[in-house]
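These notes are about the structure you will find just below.
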Amino acid sequence: MTIRLDGNQTANALMNTLQGQVAALKTAGVVPGLAVILVGDDPASAIYVRNKRRRAAAIGVASTVYTLPATATQAELLAQVAALNADPSVDGILVQLPLPPQIDAAAVIVAIAPDKDVDGFHPVNVGRLWTNTPGIVASTPYGIMALLHAYGIHVAGLHAVIVGRSNIVGRPLAGLLLNHDATVTIAHRQTAGLAALTRTADLLVVATGQANLITADMVKPGAVVVDVGMNRDAAGKLTGDVDYAAVAPKTRAITPVPGGVGPMTIAALMMQTVALAERRANG
Ligand SMILES: Nc1nc2c(c(=O)[nH]1)N[C@@H](CN(C=O)c1ccc(C(=O)N[C@@H](CCC(=O)O)C(=O)O)cc1)CN2
């Protein structure tokens with residue numbers, strides 16, 4: 001029988017644990033602080049930021065959202081980052097992506113203090129991941145690993161195929177899976193023979209932004225399938241990159257969209273914010 005990897009349920013369980021950790025921190029005089037910078041008026045980003053704030057409030061993390069207009073300059077954004085770097089009450093800083101075109105996202109990420117970079121996008125944290133001394137890791141890959149762990153799915157020895165090579169998902173997930181002894185292949189737009197490759201995957205992770213890219217014939221029977229896609233159809237309905245109805249019966253386990261990886265992304269952000277606050281509490 002196929003296991004539905006329920007991100008909502010798993011995230012809620014993790015939140016309960018985090019609530020206890022935050023209460024213990026507060027008793028020790030430390031309130032975990034999360035700063036979120038939102039630039040512009042992308043509607044999806046506004047929803048994700050609102051959900052981050054709600055999740056933070058629910059477990060007792062003090063979160064502040066700094067909203068800058070779509071016309072904000074690079075200098076204004078860097079000044080905001082610098083102020084938060086210097087604020088001792090802030091444990092984690094993140095800049096919601098995507099950014100407006102006049103902003104150089106890489107330059108902004110590199111300006112965040114690496115030990116406050118709760119998104120794990122700073123090159124120092126990327127280097128830590130790829131040298132297998134990870135501290136903070138990108139939230140979506142971290143959330144995927146937590147989801148697999150919650151369902152007792154061990155990746156050691158599995159052939160993991162990741163379709164998508166973004167800095168937010170594909171690349172950091174490859175590092176994490178490798179660190180957990182999976183054999184990893186990353187596929188992308190230029191990969192020839194995608195279907196032949198995905199059919200070799202024991203663990204197939206898809207993060208392309210192409211609705212229904214993965215069809216049943218592209219999946220090995222008994223594979224674990226993780227769908228990171230978030231696509232809106234003409235009616236506004238959210239779908240993943242995997243044809244869920246056709247693929248699910250072939251799999252050992254699969255994430256739904258919505259309710260799979262998305263909620264785990266925010267849970268992972270909270271886990272890492274609390275971990276940074278614990279680091280502060282422990283000196
Ligand atoms: N600075 C960052 N920017 C972005 C990140 C990130 O990790 N850091 N990831 C994504 C957006 N994102 C979090 O920021 C995110 C996306 C989706 C979800 C989620 O819960 N999705 C729901 C569906 C929501 C809906 O109906 O639209 C689900 O899958 O069930 C959470 C977080 C890009 N930017």
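Ligands are counted one by one from 1 in listed order, and the atoms in each one are counted from 1 as well.
- For the pair Ser139 and ligand 1, the shortest N or O to N or O distance does not fall below 3.5 Å.
- Nearest heavy atoms, Pro258 versus Leu238: CB-CD2, 3.7 Å.
- If you look at Arg232 next to ligand 1, the close heavy atoms, those under 4.0 Å, all belong to the side chain.
- By the salt bridge (Lys or Arg N to Asp or Glu O under 4.0 Å) test, Arg280 pairs with Asp91, sequence neighbours left out.
- Under the 4.0 angstrom criterion, atom 13 (C) of ligand 1 counts as having a protein heavy-atom contact.
- Residue contacts with ligand 1, taken as heavy atom pairs separated by less than 4.0 Å, do not involve Val261 at all.
- At least one side-chain heavy atom of Lys52 sits under 4.5 Å from a side-chain heavy atom of Leu94.
- Under a 3.5 Å cut-off, the side chain of Ser166 and the backbone N or O of Val169 do form a donor-acceptor pair.
- Note: an N/O pair closer than 3.5 Å links Gln96 and ligand 1 by distance alone.
- With distances taken over non-hydrogen atoms, the option nearest atom 1 (N) of ligand 1 out of Asp119, Ile266, Asp227, Leu94 is Asp119.
- Among Thr140, Asp42, Val118, Leu97, the residue whose heavy atom lies nearest to atom 3 (N) of ligand 1 is Leu97.
- Residue-ligand proximity, Pro258 to ligand 1, at heavy-atom distances under 4.0 Å covers atoms 28 (C), 29 (O), 30 (O).
- Of the protein's non-hydrogen atoms, the one nearest atom 23 (C) of ligand 1 is Leu238 CD2, 3.5 Å.
- The minimum heavy-atom distance between Asn212 and Asp243, with the atom names listed, is OD1-CA, 3.4 Å.
- Residues passing the salt bridge (Lys or Arg N to Asp or Glu O under 4.0 Å) test with Asp6 are Arg4, sequence neighbours excluded.
- For Tyr48, no nitrogen or oxygen atom sits less than 3.5 Å from a nitrogen or oxygen atom of ligand 1, counting backbone and side chain alike.
- Across Leu213 and Val163, no two heavy atoms sit closer than the pair CD2-CG1, 4.3 Å.
- A heavy-atom separation below 4.0 Å is found between Val95 and ligand 1.
- Residues Leu177 and Val225 do not share a hydrophobic cluster, defined by chaining ILVMFWY side chains whose heavy atoms lie under 4.5 Å apart.
- Which of Ser45, Gly262, Gly259, Gly240 comes nearest to atom 30 (O) of ligand 1 through a heavy atom is settled by distance: it is Gly259.
- Distance alone, capped at 3.5 Å, places no donor-acceptor pair between the Gln21 side chain and the Glu278 backbone.
- Among protein heavy atoms, atom 9 (N) of ligand 1 sits closest to Ile168 CG2, 4.3 Å.
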